[in-house]
There are 2 protein chains.
Amino acid sequence: MVARYREIKHSIQEDILSQRYRVGEKIPSERELAVQYGVTRVTLQKAMNLLEQEGFIERIHGKGMFVTKVIEDNVYMLNSGTGDSILGFSREFGQQAKITSQLISHQLILAPQPIAGQLEMQANQQVHFIRRVRLIDDVPVLIEDSWINSEVIAAIPETVLEHGSLYQYIEELTGKKIKFYNSVIEGDLFSKDLADLLSIAAGLPMLKVSGVTKLEDGTAFNYSVSYNRADMFKIKNSWVGK
Amino acid sequence: MVARYREIKHSIQEDILSQRYRVGEKIPSERELAVQYGVTRVTLQKAMNLLEQEGFIERIHGKGMFVTKVIEDNVYMLNSGTGDSILGFSREFGQQAKITSQLISHQLILAPQPIAGQLEMQANQQVHFIRRVRLIDDVPVLIEDSWINSEVIAAIPETVLEHGSLYQYIEELTGKKIKFYNSVIEGDLFSKDLADLLSIAAGLPMLKVSGVTKLEDGTAFNYSVSYNRADMFKIKNSWVGK
DNA sequence: TAGTGGTCTAGACCACCTG
DNA sequence: AGGTGGTCTAGACCACTAG
């Protein structure tokens with residue numbers, strides 16, 4: 001069951017990305033688009049709200065809707081809290097570059113207290129602990145540690161960890177979509193052991209992103225921390241007043 | 001003109017903050033709340049969407065709506081892209097601590113090329129350049145550079161820069177609300193000159209946040225860059241699937 | 001089966017902007 | 001005045017969860 005407003009959102013998003021609607025240009029009014037897509041304004045507005053939140057368009061009361069000028073960049077953008085693809089590193093960048101993973105560690109451990117809390121588990125339960133180095137075009141760019149509730153995901157094939165998308169595997173295994181990602185961004189310096197994994201010098205700056213991932217039924221199944229080379233990543237962020 | 005769904009959002013937000021609805025607890029259903037507030041479900045849902053995006057509640061299909069467990073912290077949180085108060089440092093933290101500013105520089109200059117681009121200005125126009133050190137309880141915690149289109153804001157009293165909220169001043173002066181804030185988060189190390197302004201050592205980690213601010217009529221009036229001590233700030237971020 | 005959130009319709013009126 | 005986005009109503013049906 002795909003919601004109509006999501007289809008419309010993707011359709012208009014494509015029209016923007018393919019330059020059918022040009023940067024800075026006015027796009028048709030809500031009323032026109034509603035007729036085009038055969039829906040009511042309310043439904044169309046839900047689509048436009050998404051496009052606005054994700055920074056594709058700007059809406060100005062009384063004037064109309066305009067395609068946002070997009071700023072290109074030479075570093076990788078982590079789209080925080082927007083888009084369809086906060087759903088893991090593989091799916092986010094797999095289109096534009098060659099993504100690989102190097103599995104450093106994968107073991108079942110007793111959940112450490114703070115992580116059990118984040119995952120809303122009882123104490124003394126087991127979690128998968130996974131440490132991976134992620135590479136873009138064979139350059140190691142970040143380290144990702146994941147703690148995954150083993151009662152939700154019993155087994156994780158190493159082939160998924162090395163070559164596939166963990167989140168995609170989990171969506172297929174559980175039959176539920178990933179719904180929620182709550183993260184905190186911090187700045188820090190690379191310690192020696194982390195720096196060694198990336199073959200860089202200790203003391204270089206990093207962006208640390210940590211957060212809980214939940215399924216659509218509310219189950220918290222994953223807590224992860226990623227240590228990103230600050231010279232290779234930025235995080236984009238957009239706020240639209242109400 | 002205050003929208004009804006925003007009033008309802010604030011009302012329920014208050015009920016959560018005041019523990020009238022407890023952490024983890026189920027709150028009344030959409031249909032019940034709609035009756036309580038005398039609105040239709042559509043309007044009530046707009047309120048709940050905001051609360052969900054801002055991390056106050058979780059909604060689970062078929063089950064209900066629940067108050068999110070809030071994670072307290074010992075550092076200052078910059079709520080990226082959520083809440084009512086991305087609107088400047090003063091208004092964000094003025095409630096919980098003593099905020100002061102130290103004005104380092106304030107001059108009219110010709111807009112440098114990249115900044116003129118961000119502000120959608122013609123070349124050779126003047127902007128205010130403002131550098132301030134911000135202090136929380138007399139501890140310098142960040143440096144903020146602002147470039148402000150002088151055609152939008154002709155004059156900026158130094159008393160505002162030293163003691164008031166710049167954004168509040170601009171909203172009152174123009175009679176328009178601030179609507180849009182598009183930012184990019186980066187990690188870096190403090191250079192010597194910036195570190196000196198904060199009386200810290202060079203080479204410590206920072207979170208750098210830069211972005212454009214617009215009024216509700218679409219006017220880009222401000223471009224700013226802030227250099228935040230990474231040991232004192234985190235950025236909170238929440239993504240909710242559609 | 002009953003209750004919940006998720007989506008959608010077909011209208012209406014308001015507030016803002018431009019000519 | 002006419003067009004635009006912003007808000008709201010009073011319904012309806014669907015999909016998911018629980019007992």
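- Among residues two or more places apart in sequence or in another chain, the side chain to side chain contact (heavy atoms under 4.5 Å, CB included) test is passed with A:Thr174 by A:Ile153, A:Ile170, A:Lys176, A:Leu215.
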Return all side-chain donor-acceptor pairs below 3.5 angstrom for residues 30-38 of chain A, not counting sequence neighbours, or 'none' if the list is empty.
{"unit_1": "A:Glu30", "atom_1": "OE1", "unit_2": "A:Arg41", "atom_2": "NE", "d": "3.1"}
{"unit_1": "A:Glu30", "atom_1": "OE1", "unit_2": "A:Arg41", "atom_2": "NH2", "d": "2.8"}
{"unit_1": "A:Glu30", "atom_1": "OE1", "unit_2": "A:Gln45", "atom_2": "NE2", "d": "2.9"}
{"unit_1": "A:Glu30", "atom_1": "OE2", "unit_2": "A:Arg59", "atom_2": "NH2", "d": "2.8"}
{"unit_1": "A:Tyr37", "atom_1": "OH", "unit_2": "A:Ser11", "atom_2": "OG", "d": "2.6"}

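- No contact: A:Met48 has no heavy atom under 4.0 Å from any strand.
- Following rounding to the nearest Å, A:Asp217 (CG) and C:dG5 (P) show an atom-to-atom distance of 16 Å.
- For B:Phe129, the ring-ring contact (aromatic ring centres under 6.0 Å, His included) partners two or more places apart in sequence, or in a different chain, are B:Trp147.
- Atom CZ of B:Arg59 and atom C1' of C:dG3 are 16 Å apart (whole Å).
- Listed by residue number, A:Gly38, A:Val39, A:Thr40, A:Arg41, A:Val42 are the residues of residues 34-42 of chain A with a heavy-atom contact under 4.0 Å to DNA chain C.
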Test A:Asn49 against A:Tyr5 for side chain to side chain donor-acceptor pair (under 3.5 Å), laying out the working first.
CA-CA 10 Å; A:Asn49 285 338; A:Tyr5 73 88; over 6 Å; no
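- For B:Lys176, taking side-chain heavy atoms from C-beta onward, the closest of the listed nucleotides D:dT7, C:dC17, C:dA15 is C:dC17.
- Side chain B:Arg31 to base C:dG5: a donor-acceptor pair is found below 3.5 Å.
- Between B:Arg4 and D:dT7, a side-chain N or O to OP1/OP2 separation shorter than 4.0 Å is absent.
- Atoms CD1 (B:Ile27) and C1' (C:dG5) sit 12 Å apart, rounded to a whole Å.
- In terms of the side chain to side chain contact (heavy atoms under 4.5 Å, CB included) criterion, residue partners of A:Pro157 (sequence neighbours excluded) are, by chain and number, A:Thr159, A:Val160, A:Tyr169.
- As rounded to whole Å, 16 Å separates atom C1' of D:dG11 from atom CG of B:Leu44.
- Spacing between atom CG of B:Asn49 and atom C1' of D:dC8 amounts to 15 Å, rounded to whole angstrom units.
- A donor atom on one side chain and an acceptor atom on the other are not found under 3.5 Å apart for A:Tyr223 and A:Thr213.
- Residues satisfying the ring-ring contact (aromatic ring centres under 6.0 Å, His included) criterion with B:His106, sequence neighbours excluded, are B:His128.
- Legend: residues meeting side-chain hydrogen bond (donor to acceptor under 3.5 Å, both in side chains) with B:Gln107, ordered by chain and number and at least two apart, are B:Ser105.
- For the atom pair OG1 (A:Thr219) and CD (A:Glu151), the distance works out to 11.0 Å, reported to the nearest 0.5 Å.
- The residue B:Glu216 sits apart from the nucleic acid: no heavy atom pair falls under 4.0 Å.
- Atom CD of B:Gln45 is separated from atom P of C:dC8 by 12 Å (rounded to the nearest Å).
- Nucleotide D:dG11 holds its P atom 18 Å from the CD atom of B:Glu30, rounded to whole Å.
- Each of A:Ile60 and B:Lys26 lies near DNA chain C, and the nucleotide nearest B:Lys26 is the one positioned closer to the 5' end.
- Between B:Lys63 and D:dA18 there is a side-chain N or O to OP1 or OP2 distance below 4.0 Å.
- Note on A:Lys46: a side-chain N or O is less than 4.0 Å away from OP1 or OP2 of C:dT7.
- For A:His61, taking side-chain heavy atoms from C-beta onward, the closest of the listed nucleotides C:dC16, C:dG5, D:dT7 is C:dC16.
- B:Glu58 is linked by a side chain to side chain contact (heavy atoms under 4.5 Å, CB included) to A:Lys214, B:Thr68, B:Lys69, counting only residues two or more places apart in sequence or in another chain.
- Contact check, A:Tyr5 against C:dT7: a side-chain N or O comes under 4.0 Å of OP1 or OP2.
- Residue contacts shown for A:Glu32 are limited to sugar-phosphate atoms, with no base heavy atom under 4.0 Å away.
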DNA chain D in dot-bracket form (Watson-Crick or G-U pairs under 3.5 Å, [ ] crossing, | inter-strand) is ||||||||||||||||||.
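- Atom-to-atom, CD of B:Glu7 to P of D:dT7 comes out at 12 Å; the value is rounded to the nearest Å.
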